[in-house]
Protein chains: 2
Amino acid sequence: MQFNEAKNKFVQTWGALGSQWGINKTMAQIHALLMISNEPVSMEDIMEELQISRGNASMNIRALMDWGIVYKEYKAGERREFFTAEKDLDELAVKISRERSKREIKPALKVLKEVSSIEANQTEEERHFVAQTTKLYDFVLKADNVLDKITEYKDNWLTKLVVKIMK
Amino acid sequence: MQFNEAKNKFVQTWGALGSQWGINKTMAQIHALLMISNEPVSMEDIMEELQISRGNASMNIRALMDWGIVYKEYKAGERREFFTAEKDLDELAVKISRERSKREIKPALKVLKEVSSIEANQTEEERHFVAQTTKLYDFVLKADNVLDKITEYKDNWLTKLVVKIMK
DNA sequence: TTAAACTTTCAAAAAAAAATGAAAGTTAAT
DNA sequence: ATTAACTTTCATTTTTTTTTGAAAGTTTAA
């Protein structure tokens, strides 16, 4: 396989994986592109490489920066902006975990707490609802905390986790 | 909050959470509905409760069964089919992990292995590509293995994990 | 201060994903 | 073997999500 073919395949695959996990394809592709680039890339180059419009590029780069996994860089004597991705994978995974927890898990937990706290003990149906949503709340809360603890190790959290599990 | 309001809120929230993680809304909503139901539910009832068409209900129930988290049940003397969800949360999480690993992670790993194995050491750009995709392959493989190990505990894996991490 | 070089925004268009519903298929009781 | 009761399929429609591109906004150099 040639370099260009491999590069393209990687970008496409990362994009598809993103979609499957609820991240828009272009956003994942831009991230892929920056991940494998050894130097900062301009918006122009991203547009060119992925064949996307300026608006699309701008919005998705912004989204990646909001996630904290892409950084803006300036080159001396250059007017335009360049972008780089967080290349440390431990750090990348930590940031993605934290964001998803904040944006999606925490709000869901809030709702689970609410709905599991209703006064409803009249019917078997209602009792089951409360029991099940309570279990779910406990489970999700615990999972969220575990994730938090794991990613607190920061450097090499994955390796440290492997060690803990194997012992 | 009333029971019906809470039930509705839970179903909507579970549906939204599904979307954010790449699972179609209706599929997640059907799952939510079955999770909180204390007895098997007919397709008719699912359609009625979620206000969806027969085709939509049928296809998404099928998808949930393919995931192994919803089961078909027969009631004595009843012609039509009823459905129940896997209600054990440890088991549910294990099944979802296994499926996502099989469907998404494993194929991605295959591609990562391919693209990181190209003979490309001419330019700095090519060397960086190989280095980065190799790191990514190692990382994803390790993460996938960790997930596998954790879910092998089966019963109470989450609690057991908490214990391991705290020690 | 002007203007050129660049970025962002957002209404409209396009593309992708999901839902519908009627026809085809299946099952099981008589 | 027939038919009523039910489920599945899939071409078409609808909805949702994503993308475009032109106008507005911003920044910096002269």
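Sequence lines set the chain letters: A, B, ... in the order given, protein chains first and strands last, and positions in each chain run from 1. As the structure is a computational prediction, the values presented were derived from the model and not from experiment.
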Sequence neighbours excluded, which residues qualify as side-chain hydrogen bond (donor to acceptor under 3.5 Å, both in side chains) partners of Arg54(A)?
-> Glu44(A)
Mind checking what makes salt bridge (charged side-chain N to carboxylate O under 4.0 Å, His left out) contact with Lys149(B), not counting sequence neighbours?
-> none
I would like to know whether Arg80(A) and Lys75(A) meet side chain to side chain contact (heavy atoms under 4.5 Å, CB included); could you show each step before the answer?
-> CA-CA 8 Å; Arg80(A) 68 220 157 111; Lys75(A) 281 190 183 175; over 6 Å; no
Result block: side-chain N/O donor-acceptor pairs under 3.5 angstrom for residues 30-41 of chain A, not counting sequence neighbours:
unit_1   : atom_1 : unit_2   : atom_2 : d
His31(A) : ND1    : Trp14(A) : NE1    : 3.2
Ser37(A) : OG     : Glu39(A) : O      : 2.8

From Thr134(B), Leu141(B), Leu136(B), residue fulfilling side chain to side chain contact (heavy atoms under 4.5 Å, CB included) relative to Leu112(B) | Leu136(B)
Please give the angle, rounded to 10 degrees, between the axes at the start and the end of the helix from dT1(C)-dA30(D) to dT30(C)-dA1(D), where five pairs define each axis.
-> 20°
Take atom CD in Glu152(B); do more than 12 heavy atoms of anything else shown fall under 6.0 Å from it?
-> yes
Which pairs pass ring pair (Phe, Tyr, Trp, His ring centres under 6.0 Å) with one or both residues in residues 38-62 of chain A, sequence neighbours excluded?
-> none
Where along residues 14-50 of chain B does a heavy atom come under 4.0 Å from DNA chain C, residue by residue in number order?
-> Asn24(B), Thr26(B)
Hey, could you give me the CD/CG distance between Glu99(B) and Asp66(B), rounded to the nearest 0.5 Å?
-> 8.0 Å
On DNA chain C, nearest-nucleotide positions of Phe82(A) versus Ile52(B): which is more 5'?
-> Phe82(A)
Cluster link Val162(A) to Ile150(A), ILVMFWY, side chain under 4.5 Å = yes
With respect to the side chain of Glu81(B), which nucleotide from dA19(C), dT19(D), dT7(D) is positioned closest?
-> dT7(D)
Could you write out each protein N or O paired with an N or O of nucleotides 27-30 of chain D at a distance under 3.5 Å?
unit_1  : atom_1 : unit_2   : atom_2 : d
dT27(D) : O2     : Arg79(A) : NH2    : 2.2

Grab the N/O contacts between the protein and nucleotides 9-13 of chain D below 3.5 Å, and write none if there aren't any.
none

Residues which pass side-chain hydrogen bond (donor to acceptor under 3.5 Å, both in side chains) with Arg62(B), listed by chain and number, not counting sequence neighbours | none
Sequence neighbours excluded, every pair satisfying side chain to side chain donor-acceptor pair (under 3.5 Å) that has a member inside residues 106-120 of chain B = Lys9(A)-Glu114(B), Ser101(B)-Lys106(B), Lys106(B)-Asp144(B)
Does Phe82(A) have any ring pair (Phe, Tyr, Trp, His ring centres under 6.0 Å) partners at least two apart in sequence or in another chain, and if so, which?
-> none
Rounded to whole angstroms, how far apart are CD on Gln51(A) and C1' on dA15(C)?
-> 17 Å
Kindly say if Lys72(A) contacts the phosphate of dT8(C), meaning a side-chain N or O under 4.0 Å from OP1 or OP2.
-> yes
Output all residues satisfying ring pair (Phe, Tyr, Trp, His ring centres under 6.0 Å) with Phe83(B), sequence neighbours left out; order by chain, then residue number.
-> none
